[in-house]
Amino acid sequence: MKGQFPVDRFRNLPTPFYYYDTNLLRETLNAIRSEAGRYDNFRVHYAVKANANPKLLTIIREAGLGADCVSGGEIRAALAAGFSPADIVFAGVGKADWEINLGLDNDIFCFNVESLPELEVISALAVAHGTTARVALRINPDVGAHTHANITTGKAENKFGISMEQLDEVTDAALRLPAIELIGLHFHIGSQILDMGDFVALCNRINELQARLAARRLILPHINVGGGLGIDYHHPNRQSVPDFASYFACYHKHLRLQPGQTVHFELGRAVVGQCGSLITRVLYVKQGTHKQFAIVDAGMTDLIRPALYQAYHKIENISSERPVEPYDVVGPICESSDVFGKAVDLNAASRHDLLALRSAGAYGEIMASGYNCRALPGSYTSEELA
Ligand code: LLP
């Protein structure tokens, strides 16, 4: 055991693989339950896109969270893990007919609708089904988030949501179209947000829009504020459970609700981010001209975040206590961007050492690909290896 890892159990396992600390996941879920539970009108959904590993989905469902899905495949994954359709919300800027039909067949709780043409298609498909679709309008609030440009979603230039100028027109359509029940508004401004001020800005915008609707005597029972709470990638052990108390208190303080309204959250990264690590073996230590490389058997196909977003993941050599040296930690893929970290201080590494890439539980395993005809990484939970 080094740190939190059962290294001896790892030694005989084929690498690379994801390792999930289910104790930490449960601790995180308990914190969510108790902090959101302070407010009896708060309802938390898990954003399945962050990690759809069935072992984790089951634990998350058992903790009482709902599921936020963005594709038919995610709806199927949520149903397979036992989530009730009544706890499933379905967002996505390009829902295909079969995906809408899947939602209608299962009578999911809500479609988060991102455009007028989508609303018209949902109406027509629901009429054909002889059912009613509950919908929330996803509004693009034009609120910036202080995060990576590739993961902001709530600015006017982003493809997501209905523009605020169109709110009245689309609301009218939702009230007029057959087989549509308008039940709420939906928002999401981005991901890996650590500045509570960004969420305050969203609350202020929602308050404005609610006032606009109230002027039309329209009060919708559900306000979905999306997800986005970030985690500490640099110090995964310092605050391994995110500060849910501040997060929920921020919404409680700044959102002006109408009587009877429920607030929905869609958290992904904050739920599963810190419980997962990618475990990889050192294949070779190679001396370069001015540096040394630790060439590992995991690549950008297993964890694409560093290559795609220049994201930082803390890297640890979990099988060495030798003095620290700097390494460029790189994968085997034929791409120059297949680099996990440059000048990373690691306990001196040699062939077959195991490295852990920390904070990889969210958007790690689920974004793996088969590029270079590579196999997808496996996964183990701490319970399985105990
Ligand atoms: N709700 C909606 C509508 C979303 O689009 C997202 C994430 C979430 C909820 C969950 O956000 P979270 O709580 O996890 O921040 N692959 C990127 C992140 C993309 C996030 C996309 N949308 C990454 O690896 O950083």
Side-chain angles (χ1 to χ4, degrees), residues 18 28-29 32 36 43-52 56 60 65-71 74-75 78 88-95 110-115 118 136-141 143 145-155 158-162 184-196 198-199 202 223-233 242-244 247-248 251 263-276 278 300 302-313 340 357-369:
Y18 277 88
T28 306
L29 291 164
I32 292 173
R43 178 91 187 97
V44 182
H45 304 265
Y46 167 63
V48 175
K49 67 173 75 63
N51 190 323
L56 304 197
I60 294 166
L65 274 66
D68 157 39
C69 300
V70 288
S71 70
E74 286 190 1
I75 293 176
I88 294 179
V89 294
F90 180 20
V93 62
K95 300 179 187 74
C110 189
F111 292 85
N112 294 331
V113 173
E114 307 225 7
S115 66
E118 181 197 331
L137 302 181
R138 177 171 182 179
I139 306 300
N140 184 324
V143 169
H146 295 95
T147 184
H148 193 287
N150 288 3
I151 52 179
T152 63
T153 44
K155 290 289 290 171
N158 295 128
K159 70 180 175 181
F160 298 100
I162 295 163
L185 297 179
H186 174 231
F187 305 86
H188 175 74
I189 55 172
S191 200
Q192 184 51 19
I193 297 169
L194 291 166
D195 181 347
M196 291 294 137
D198 291 338
F199 297 124
L202 174 61
I223 301 296
N224 184 331
V225 298
L229 178 62
I231 61 172
D232 189 344
Y233 281 96
D243 182 3
F244 294 110
Y247 175 72
F248 291 119
Y251 277 99
V263 185
H264 298 256
F265 299 85
E266 299 173 338
L267 293 173
R269 189 187 315 265
V271 182
V272 291
Q274 294 294 25
C275 78
L278 177 61
M300 61 192 283
D302 306 293
L303 178 62
I304 200 174
R305 303 191 70 257
L308 193 56
Y309 317 115
Q310 296 75 50
Y312 173 84
H313 286 265
F340 289 125
L357 282 82
R358 303 289 308 277
S359 314
Y363 308 108
E365 185 181 0
I366 193 72
M367 291 179 79
S369 78

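The structure displayed is predicted, hence computed values, not measured ones. Just follow the structure's listing: the first ligand is 1, and inside any ligand the first atom is 1.
For ligand 1, the atoms lying closer than 4.0 Å to a non-hydrogen atom of Arg138 are 3 (C). Of all the atoms in ligand 1, the ones that sit under 4.0 Å from a non-hydrogen atom of Ala47 are 10 (C). Within the listing of ligand 1, atoms 9 (C), 13 (O) sit less than 4.0 angstrom from a heavy atom of Gly227. Listed by number with element, the atoms of ligand 1 under 4.0 angstrom from any heavy atom of Met367 are 16 (N). Residue-ligand proximity, Gly228 to ligand 1, at heavy-atom distances under 4.0 Å covers atoms 11 (O), 12 (P), 13 (O), 15 (O). Interface atoms of ligand 1 facing Gly268, defined by a heavy-atom separation under 4.0 Å, are 12 (P), 13 (O), 14 (O).
Atom NE2 of His264 sits about 10.5 Å away from atom NE2 of His186, to the nearest 0.5 Å. The distance from atom OH of Tyr363 to atom CZ of Arg305, rounded to the nearest 0.5 Å, is 9.0 Å.
Comment: Glu118 engages Lys95 in a salt bridge, judged by a side-chain N to carboxylate O separation of less than 4.0 angstrom.
Under 4.0 angstrom from ligand 1, the non-hydrogen atoms of Asp68 all belong to its side chain. Counting heavy atoms under 4.0 Å from ligand 1, residue Tyr309 touches it through the side chain alone.
When the heavy atoms of Gln192, Glu266, Arg305 are ranked by distance to atom 1 (N) of ligand 1, first place goes to Glu266. Of the candidates His45, Lys49, Glu114, Arg269, the one placing a heavy atom closest to atom 22 (N) of ligand 1 is Lys49.
In this structure, Tyr251 and Phe199 have tilted ring planes: the angle between them lies in the 30° to 60° band.
With Glu74 contributing its side chain and Phe90 its backbone, the two residues share no donor-acceptor pair below 3.5 Å.
Considering backbone and side-chain N/O atoms, His186 never comes within less than 3.5 Å of an N/O atom of ligand 1. Taking distance alone, with nitrogen or oxygen atoms compared against 3.5 Å, Leu267 stays at or beyond that limit from ligand 1.
A 4.5 Å side-chain heavy-atom check between Phe265 and Asp68 finds every atom pair outside the cut-off. No side-chain heavy atom of Leu65 sits less than 4.5 Å from a side-chain heavy atom of Leu267. With contacts defined as side-chain heavy-atom distances shorter than 4.5 Å, the pair Thr28/Cys275 does not qualify.
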